[in-house]
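Okay, structure first, notes after.
Numbered from 1 within each chain, the chains take letters A, B, ... in sequence-line order.
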Amino acid sequence: MVGQPRMIRSHRAIEITTGLVGEKVTVAGWIQRRRDHGGIAFLDIRDASGLIQVVADPSEHEGVADLRMEYCVSISGRVQERPEGTVNPELPTGEVEIKAQEISVLSPSETLPFMIDDRADPDEKIRLQHRYLDLRRPRMAANLKARSKATAAIRRTLDDLGFLEIETPTLVNSTPEGARDMLVPSRLRQGEFYALPQSPQLFKQLLMIGGVERYFQIARCYRDEDFRADRQLEFTQLDLEGSFWGREDVLDTIEVVLKAVAKEVRGVEIADDFPRITWQEAMDRFGTDKPDTRFGMEIVDLTEPVGESDFGVFQGAVSSGGTVRGLNAGVLDWSRSRADALTERAKELGAKGLVWMVVEEDGSLRSPISKFLKPDELDAVKERLEATVGDVLLLAADRWKTAVSVLGGLRNDLGRPTDHDELAFLWVVDFPLFEEEEDGRITFSHHPFTSPASLEDMRSNPTEALSKAYDAVLNGVELGSGSVRIHDPDIQSQVFEILGIDSATAERRFGWFLQALRYGTPPHAGFAFGIDRLVMILQNENSIREVIPFPKTQTGGDPMTGAPTWVDDDQLGELGVALSGAALERRDGPADKPSAS
RNA sequence: GGGGACGUAGAACAGUCUGGAGUGUUCGCUGGCCUGUCAAGCCGGAGGUCGCGGGUUCAAAUCCCGUCGUUCCCGCCA
């Protein structure tokens, strides 16, 4: 009872059990339901622990008829067993009830905008406008609890392993690469800006140089990019780094952490090591670097059987260095409109078109391009895709990366389970070190502090070189990534150079960091994964907004507080900042419109 | 930056395609009845700027244009 205000509450709802029969207790919470039968009334009282039924005699408690849903109340009474035949097996406290003696309304409630109930499915904007009520719903209460359990498990596990939890700054330097930074203008140094961190990357490396050896942080990170169901402006990562570490040390540690979280939140023991797949294999088989391995429908190389067929598109793709890939989509309800829709989707994913084939009853392949293929070519397609009657086969011919990623996208659309009952963890390893943009520019594929797998490869053939980066994937969602870092300032400089950052620029932007690397930097490696995404999947949700207590909408707004808002010109003046152009027009309306007089 | 979907009572929807009186369903709200319910039940009642603006039409929730909002996706997301 320590810390409990006894006048208001002696027990939590879940604690009212048969052992307390005959005793006087006081519970407090919200009225979930009132069932008033005239001569007898029932109140379901909900607190954070659960529900307990209260029985009241309206003749003894005049106010009972006035009690409404979600009134916050405190009720004293004697615990009694429920009469025979009225036990509610659905309820943990279903064998008992409280016979009300005193009922006090701590705080009444207006009529609710929506029911506090998982059966109700109000529009998300309404939920966010009254998020405090939304959080009372069992689903959201469970999600908050799961998230807390997840972070508790992370802290417990890492503390046991000797990690230090260390906070790094959230007002940092802006760096132009990567995602757009969230910027914060400086008042003391007008015209200069801080950025909110996209990750604590450099600070955790500095902690390694600082001799910490094992660091972690549950860190808020910010990226000013467009929203998705699994992306918000601000999100939370487990950020972790270790000295004298290589890849295996990181993967082992992260596996231990993820298994601990899965056990804590889901109650599942994952005994096996997470499977590993190389980036190349992931792309070839699944068309993505974050494969969902809960279902098959793998992509198959058809370059050899049909690349030299009479179909010009296949020929063209192959002769210019591309490939033909296929996917057995299984039995689909096939129609012209379905074919058109899939083709549209393929185009959206970057394809120029999509070839479809349907296996007819007689085993023949019906397709707009059948006539261009020889019987043995058609047979080879059927065989390689293990096609049986009714199956729809989808073929894409293009540059390798386009072909596989188009089919990978379609594979996800067509085959992906909608729930997360199964947990398919996966390591993706051996990522390319760099990516070549369409314009030939080279950018990093992880971040510029990632160690190359081989210095010789990096120097001789940068676009083919591999890195020591790795990703953790769960059910086709990228949980996070990490790498062995560069701890040699010379190699770091070489990487900058390959990225087209000349030494003067590198010195200006990262000189302080390069300098730090020159004082006996230990080899180190680390990882970061998104806690929002992890909890989302463990809670079988399909949006991280469901596991973030106060998320923003897709346009970056908070329907409850109205954020973001305009600020006074005075405030802007202190910062040396002024609105211009479109921003002014949004605030004040069109400027050059003659006023109607 | 681009594409799709959605917006009707406090909430969730149907009605929109094929224009004809704000029509309807469930929950909530409200008045009454009711002593064992647990999504209580029964009888009655209130509640609407069909997101907003414009257009077409004798007539618009419905068709057209614009706009705002929400959402999913492409781009983007080291």
(request) With A:Arg545 as the cation and A:Phe227 as the aromatic partner, state whether NZ or CZ is under 6.0 Å from the six-membered ring centre and within 45° of the axis. (result)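 Geometry flag: not set, cation outside 6.0 Å or 45°.
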
Using a cut-off of 4.0 Å on non-hydrogen atoms, how would the nucleic acid contact of [X] be classed: base, sugar-phosphate, or nothing?
X	answer
A:Glu478	nothing
A:Ile126	sugar-phosphate
A:Thr555	sugar-phosphate
A:Thr86	base
A:Pro83	base
A:Ala179	sugar-phosphate
A:Val87	base
A:Ala229	sugar-phosphate
A:Asp226	base
A:Arg127	nothing

(request) Identify, with sequence neighbours excluded, every residue that meets side-chain contact (heavy atoms from CB on, under 4.5 Å) alongside A:Thr17. (result)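 Checked A:Thr17 against side-chain contact (heavy atoms from CB on, under 4.5 Å); zero matches.
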
(message) Holding to side-chain contact (heavy atoms from CB on, under 4.5 Å), I want the full list of residues that pass it with A:Ile40, two or more places apart in sequence or in another chain.
(response)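 Per chain and number, A:Ile40 pairs via side-chain contact (heavy atoms from CB on, under 4.5 Å) with A:His37, A:Phe42, A:Val55.
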
Testing the 3.5 Å rule here: is there a donor-acceptor pair between the side chains of [X] and [Y]?
X	Y	value
A:Asn173	A:Tyr194	no
A:Gln32	A:Arg136	no
A:Asp532	A:Gln232	no
A:Ser483	A:Arg485	yes
A:Gln198	A:Asp181	yes

Going by purine N1 to pyrimidine N3 plus the second Watson-Crick contact, or the G-U wobble pair, all under 3.5 Å, which nucleotide sits opposite [N]?
N	answer
B:A59	none
B:C42	B:G32
B:U70	B:A5
B:U37	none
B:G53	B:C65
B:U23	B:A14

When the [atom1] atoms of [N] and [M] are considered, how many whole Å apart are they?
N	M	atom1	value
B:G15	B:U57	P	28 Å
B:U67	B:C27	P	41 Å
B:A61	B:G20	P	9 Å
B:G45	B:U23	P	16 Å

(message) Could you work out, with salt bridge (Lys or Arg N to Asp or Glu O under 4.0 Å) as the rule, every residue matching A:Lys290, not counting sequence neighbours?
(response)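 In terms of salt bridge (Lys or Arg N to Asp or Glu O under 4.0 Å), with neighbours along the sequence ignored, A:Lys290 is linked to no residue.
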
(request) Could you list the residues that satisfy salt bridge (Lys or Arg N to Asp or Glu O under 4.0 Å) with A:Arg338, not counting sequence neighbours? (result)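 Per chain and number, A:Arg338 pairs via salt bridge (Lys or Arg N to Asp or Glu O under 4.0 Å) with no residue.
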
Any side-chain N or O of [X] below 4.0 angstrom from OP1/OP2 of [N]?
X	N	result
A:Arg533	B:C77	no
A:Arg68	B:G28	no
A:Thr111	B:G10	no

For the pair made of [atom1] in [X] and [atom2] in [N], what is the distance, rounded to whole Å?
X	N	atom1	atom2	value
A:Asp66	B:C29	CG	P	13 Å
A:Arg119	B:A12	CZ	P	16 Å
A:Glu110	B:G28	CD	P	19 Å
A:Glu585	B:C68	CD	P	12 Å

(request) Under the salt bridge (Lys or Arg N to Asp or Glu O under 4.0 Å) rule, what do A:Asp292 and A:Arg416 come out as? Steps first, then yes or no, please. (result) CA-CA 7 Å; A:Asp292 192 334; A:Arg416 202 157 175 192; 3.0 Å; yes

(request) Could you check A:Leu112 against A:Asn88 and say which one's nearest nucleotide on RNA chain B is further toward the 5' end? (result)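 Its nucleotide being nearer the 5' end, the pick is A:Leu112.
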
(request) Map A:Gln554 and A:Pro448 onto RNA chain B by nearest heavy atom, then report which one ends up closer to the 5' terminus. (result)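 Counting from the 5' end, the first nearest nucleotide belongs to A:Gln554.
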
Can you check whether any acceptor in the base of [N] is under 3.5 Å from a donor in the side chain of [X], or vice versa?
X	N	value
A:Glu70	B:G28	no
A:Arg231	B:C77	yes
A:Arg82	B:U37	yes

(request) Specify the residues of residues 337-349 of chain A, ordered by number, for which at least one heavy atom lies under 4.0 angstrom from an atom of RNA chain B. (result)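 Of all residues in residues 337-349 of chain A, the ones placing a heavy atom under 4.0 Å from RNA chain B are A:Arg345, A:Glu348.
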
(message) Near RNA chain B, counting only heavy atoms under 4.0 Å, which residues of residues 30-38 of chain A show up?
(response)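 Here the set is A:Arg33, A:Arg35, A:Asp36, A:His37, A:Gly38.
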
(request) Start with the C-alpha gap between A:Glu546 and A:Arg127, add the side-chain angles, then the distance that decides, and say whether salt bridge (Lys or Arg N to Asp or Glu O under 4.0 Å) holds. (result) CA-CA 11 Å; A:Glu546 303 296 347; A:Arg127 292 173 57 199; 2.7 Å; yes

(message) Which nucleotide wins on minimum distance to the side chain of A:Phe42, given the candidates B:U71, B:G28, B:U37?
(response)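 For the A:Phe42 side chain, the nearest candidate turns out to be B:U37.
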
